[in-house]
Amino acid sequence: MTSINYFEKYGGFATLYPLVGEFYDAVLESDIVAYIFEPIRMEALIEHQTKYLAAMMGGPGEYDDAKLKSAHSRFKITEVEWHEVVNIFIATLNNFKVEDEDIKALARLIAARKSLIVAE
């Protein structure tokens, strides 16, 4: 977790749920990564990702790196796909008026888990 509570700073679940929804709307419009999400129940994924992001941002809950790796391993995510999703996430944070320094900090938290998500 992070020492700064971004979860509280940016309005908790009231902000995160629509943020994650907008993020996945953009992901589903991407020519690069939309295919990955076709077989997935998006409502459940949005709910799960909102909780995961909340925990990562210093809010309630926890996240497990082993589960993260397991959940992504079947998709064989490439570097190009990784960068596309990260760029969409950063654009979404910008749309929600997250401060630049906080975006950088959140991007570092995500980047620290890249090896759990991108196929070797």
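Numbering of residues begins at 1 and proceeds along the displayed sequence. Predicted model, so just to flag it, every value in this text is computed and none were measured.
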### Query
If every non-hydrogen atom of Ser73 is compared with every non-hydrogen atom of Ser70, which pair is closest and at what distance?
OG-O, 3.1 Å
Show every donor-acceptor pair shorter than 3.5 Å between a side-chain atom in residues 43-52 and any protein atom, with sequence neighbours excluded, or say none if there are none.
residue	atom	partner	partner atom	Å
Thr50	OG1	Ile46	O	2.7

#### Entry: Inter-residue atom distance Glu81.CD - Ile36.CD1, 0.5 Å rounding
4.0 Å
### Message
Are the side chains of Leu53 and Phe23 in contact, using a 4.5 Å heavy-atom criterion?
### Response
no
### Summary
CE of Met56 to CG of Leu106, rounded to nearest 0.5 Å, is 5.5 Å
### Query
Is the backbone N or O of Ile88 less than 3.5 Å from a side-chain atom of Thr92, with the two atoms forming a donor-acceptor pair by type?
yes
### Summary
Correct closest heavy-atom pair for Phe7 and Gly58 would be CB-C, 4.1 Å
### Message
Quick check for you: to the nearest 0.5 Å, what is the distance between Ile40 atom CD1 and Leu28 atom CG?
### Response
9.0 Å
### Query
Tyr6 vs Tyr10 aromatic rings, parallel, tilted or perpendicular, using cut-offs 30° and 60°?
parallel
### Task
Could you tell me which non-hydrogen atom of Phe37 sits nearest to which non-hydrogen atom of Val27, and how far apart they are?
CE1-CG1, 3.2 Å
#### Entry: Reported NZ-to-CG distance for the pair Lys67 and Leu116, which is rounded to 0.5 angstrom
14.0 Å
### Task
Could you tell me the separation between the NE2 atom of His72 and the CD1 atom of Ile117, rounded to the nearest 0.5 Å?
4.5 Å
### Query
Would you say Asp100 and Asn94 make side-chain contact, with heavy atoms under 4.5 Å?
yes
### Query
Going from OG1 on Thr15 to CZ on Phe13, what distance comes out if it is rounded to the nearest 0.5 angstrom?
11.5 Å
### Message
Glu79: which residues meet the side-chain contact (heavy atoms from CB on, under 4.5 Å) condition with it, sequence neighbours left out?
### Response
His83, Lys114, Val118
